[in-house]
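Note that these values count all heavy atoms, side chains included, but never hydrogens, waters or copies made by symmetry.
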Amino acid sequence: MRKKIYPEVFKLRLKESDRQKLKKAAAEIGITESQYIRLLINQPHIKRLDQQSYVAIKRLVNEINKIGVNINQIAKNNNSQLYSEIDKRELFKYLKRQDEYVYEFLSKLRMEK
């Protein structure tokens, strides 16, 4: 994956207590302070989630990536005339699992509101 380049440098003056809050908030979700500020700027409607929610998001993203790899393998086999009913069942199983993770995560978020 290509690393994003941000050509603009922005200096910010903060009280020590505000800087500590920024550091803590970014560390809680495992991102840099710069990434945290960009997140707040680009997604102002997102409420601050707790650590458990961010862990769930990371788990969901990781699982979706794994499922995507498996779907790509099945698509490759299909394009190579190697597609079978077993592959089709596996694909539906992965899609169902993905759907369950998304539903579970969204249900948890709704309960927290």
Side-chain donor/acceptor pairs under 3.5 Å, residues 5-15, sequence neighbours excluded:
none

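- Inter-residue side-chain proximity for Ile64 and Tyr101 is flagged as unmet; no heavy-atom pair is nearer than 4.5 Å.
- Across Gln35 and Thr32, no two heavy atoms sit closer than the pair OE1-N, 2.8 Å.
- Under the side-chain hydrogen bond (donor to acceptor under 3.5 Å, both in side chains) criterion, Lys23 pairs with no residue at all, not counting sequence neighbours.
- Between Tyr36 atom OH and Lys21 atom NZ the span is 11.5 Å, to the nearest 0.5 Å.
- There is no path of hydrophobic side-chain contacts, each under 4.5 Å, that joins Tyr94 to Val69.
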In sequence, state the C-alpha distance, the side-chain angles, and the governing distance for Gln20 and Ser17, and then conclude on side chain to side chain donor-acceptor pair (under 3.5 Å).
-> CA-CA 5 Å; Gln20 292 306 317; Ser17 60; over 6 Å; no

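- Among residues two or more places apart in sequence or in another chain, the side-chain hydrogen bond (donor to acceptor under 3.5 Å, both in side chains) test is passed with Glu63 by Arg97.
- Put simply, the side chain of Asp99 does not reach to within 4.5 Å of the side chain of Lys96, judged on heavy atoms.
- Between Val61 and Asn65 there is a side-chain heavy-atom pair separated by less than 4.5 Å.
- One finds the CD1 atom of Ile67 at 10.5 Å from the NZ atom of Lys93 (value rounded to the nearest 0.5 Å).
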